[in-house]
Amino acid sequence: MNAPLAEQPTHHVFPWEAIGAPLSPNAVLHGPLLTHPLEGVRRIEEFYQASHAVAGSLQPRWSWNQGDDSLLLADQHIDKRPISSGFWLRRDPSGAVVEISHGLSPFPRLGPFHVAMRTRLEGFVPNAHWELDEATRVTSVVGEEGFPPFQLAEDVRFHSPLVDQPLEGADRVRRALAEATVVYGTRRYLFRCRAPGVFGSVWEAAVEGHIIRCVSLFFMNPAGEIKDIVACMLPYPALARVYFGVKERNSEKLGAAYFSV
């Protein structure tokens, strides 16, 4: 299914359905709201059934398969406002999905989702899974690479996981990416792919000692310039640390519309 999914209007409860794969009995879910992995079919299916009840069906927008890895971009709605999910799905030799990384965007719209999901999954997901674990903080630099330079279109849009509306224009997006190099430092890439008109990646970095994982997609125009950037991050509690720091530094420059919580 290596195609923009705007041509394939489908709705799903489970992300692995969108790539036509079963879920392995030994599957692991990282994120999007939880700081510890969920393991096993029953727990993961229960999580996505709760997500469907709270935010509706996953509406796939784009996907790409490369070997045993898939990237998927899908949308849901919270209080009639769209939120985006970026998935990295890894398959075993049988074709079953054995590992899911699920990031969300944008942070200012995620609070009601977090509260509703925690309420629905009370007693099923341990309380520790919803909070940052200070005992797991890393003390050394996680990353290996800096942010590469990008050739941006003048009308580029950055759908950041940290602000409530897209950043528009090459100058503004360039400044936001420059700040990202300060916030996240060096990154460790877990997966990269090049699809027609799209560059996708999954990377990790450490912020205040907590691991952030990001599923990012760069959509290019016919001239090869980046036209749209979509980034979805996990887990939510670590993303909250990043958000409030970025808000403190940028709320006067950008305005309240970008930082609505």
Side-chain angles (χ1 to χ4, degrees), residues 2-6 31-32 59-64 66 69-76 81-88 101-110 143 145-205 207 212-234 239 242-243 245-247 249-250 253-255 257-259:
N2 295 338
L5 285 168
Q59 301 173 31
R61 198 183 337 160
W62 179 91
S63 75
W64 183 257
Q66 180 172 293
D69 298 275
S70 296
L71 293 183
L72 170 69
L73 179 63
D75 298 316
Q76 292 173 281
R81 305 181 72 196
I83 60 171
S84 295
S85 288
F87 295 93
W88 177 33
S101 294
H102 179 180
L104 288 171
S105 179
F107 177 85
R109 302 181 189 181
L110 301 180
E145 300 183 43
F147 283 70
F150 300 107
Q151 183 64 40
L152 302 177
E154 285 303 313
D155 58 348
V156 63
R157 294 184 305 172
F158 180 20
H159 303 267
S160 167
L162 298 174
V163 294
D164 206 6
Q165 54 185 278
L167 299 168
E168 299 184 346
D171 288 343
R172 176 167 279 185
V173 171
R174 198 172 287 114
R175 287 195 296 270
L177 294 174
E179 179 168 9
T181 65
V182 176
V183 174
Y184 304 115
T186 53
R187 303 178 293 181
R188 177 172 59 196
Y189 278 94
L190 306 177
F191 177 69
R192 285 189 265 208
C193 71
R194 184 69 180 265
V198 186
F199 173 75
S201 68
V202 183
W203 53 265
E204 284 185 342
V207 177
I212 291 275
R213 185 173 292 186
C214 181
V215 179
S216 59
L217 297 168
F218 297 78
F219 294 89
M220 290 170 277
N221 63 19
E225 301 168 321
I226 293 171
K227 173 75 167 122
D228 281 283
I229 304 171
V230 181
C232 301
M233 287 188 166
L234 65 134
L239 184 56
V242 180
Y243 171 81
V246 170
K247 178 182 179 181
R249 293 189 298 273
N250 294 279
K253 289 184 288 186
L254 292 177
Y258 288 87
F259 300 99

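Worth knowing before you read on, the calculation uses all heavy atoms, side chains too, and leaves out hydrogens, waters and symmetry mates.
The shortest distance between side-chain heavy atoms of Cys193 and Phe199 does not fall below 4.5 Å. Side-chain contact between Val156 and Glu225 is absent, with no heavy atoms from C-beta onward closer than 4.5 Å. In this structure, Tyr184 and Val242 have side chains that are in contact, with non-hydrogen atoms separated by less than 4.5 Å. Pro106 is not listed as a side-chain neighbour of Gln165, based on a closest heavy-atom distance of 4.5 Å or more. Counting heavy atoms from C-beta on, the side chains of Val246 and Phe259 come closer than 4.5 Å. Taking 4.5 Å as the limit, every side-chain heavy atom of Leu177 sits out of range of all side-chain heavy atoms of Glu179. Residues Val198 and Leu217 form a side-chain contact, since some pair of their non-hydrogen atoms from C-beta on lies under 4.5 Å apart. Looking only at side-chain heavy atoms (C-beta outward), Leu71 and Phe87 stay at 4.5 Å or farther from each other.
Between the side chains of Ser201 and Ser216, a donor-acceptor pair is found at a separation under 3.5 Å.
Once rounded to the nearest 0.5 Å, the distance linking CE of Met233 with CD1 of Ile212 reads 6.0 Å. Once rounded to the nearest 0.5 Å, the distance linking CE of Met220 with CD1 of Ile229 reads 11.0 Å. We find the CD1-CZ distance between Ile83 and Phe107 to be 12.5 Å, quoted to the nearest 0.5 Å.
In terms of heavy-atom proximity, Pro161 sits nearest to Ser105 at CA-OG, 3.2 Å. Between Val207 and Val183, the shortest heavy-atom contact is CG2-O, 4.0 Å. The two atoms that bring Ser84 and Cys232 nearest to each other are O-SG, 3.8 Å, heavy atoms only. Scanning all heavy atoms of the two residues, the minimum distance from Ala205 to Thr186 falls at CB-O, 3.9 Å. Taking both residues in full, the closest heavy atoms of Gln66 and Arg192 are given as NE2-O, 3.3 Å, listed atom of the first, atom of the second, then distance. Across all their heavy atoms, Ala170 and Ala153 have their closest contact at CB-O, 3.6 Å.
Listed for the Arg213 side chain is no donor-acceptor partner under 3.5 Å among the backbone atoms of Ser101. Listed for the Asn250 side chain is no donor-acceptor partner under 3.5 Å among the backbone atoms of Lys253.
For Asp228, the side chain to side chain contact (heavy atoms under 4.5 Å, CB included) partners two or more places apart in sequence, or in a different chain, are Arg157, His159, Phe219. In terms of the salt bridge (Lys or Arg N to Asp or Glu O under 4.0 Å) criterion, residue partners of Lys227 (sequence neighbours excluded) are, by chain and number, Asp155. For Arg174, the salt bridge (Lys or Arg N to Asp or Glu O under 4.0 Å) partners two or more places apart in sequence, or in a different chain, are Asp171. With sequence neighbours left out, Ala178 forms a side chain to side chain contact (heavy atoms under 4.5 Å, CB included) with no residue at all. Remark: Phe158 pairs with no residue by the ring pair (Phe, Tyr, Trp, His ring centres under 6.0 Å) rule, at least two apart or across chains. In this view, Tyr258 satisfies the ring pair (Phe, Tyr, Trp, His ring centres under 6.0 Å) rule with no residue, not counting sequence neighbours.
Note: Phe191 and Trp203 fail the aromatic proximity criterion, with ring centroids not under 6.0 Å apart.
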Evaluate the criterion side chain to side chain contact (heavy atoms under 4.5 Å, CB included) for residue pair Ile226 and Gln151; output intermediate values, then yes/no.
CA-CA 6 Å; Ile226 293 171; Gln151 183 64 40; over 6 Å; no
I would like to know whether Leu239 and Leu162 meet side chain to side chain contact (heavy atoms under 4.5 Å, CB included); could you show each step before the answer?
CA-CA 8 Å; Leu239 184 56; Leu162 298 174; 3.4 Å; yes
Side chain to side chain contact (heavy atoms under 4.5 Å, CB included) for His102 and Leu104? Distances and angles first, verdict last.
CA-CA 7 Å; His102 179 180; Leu104 288 171; 3.7 Å; yes
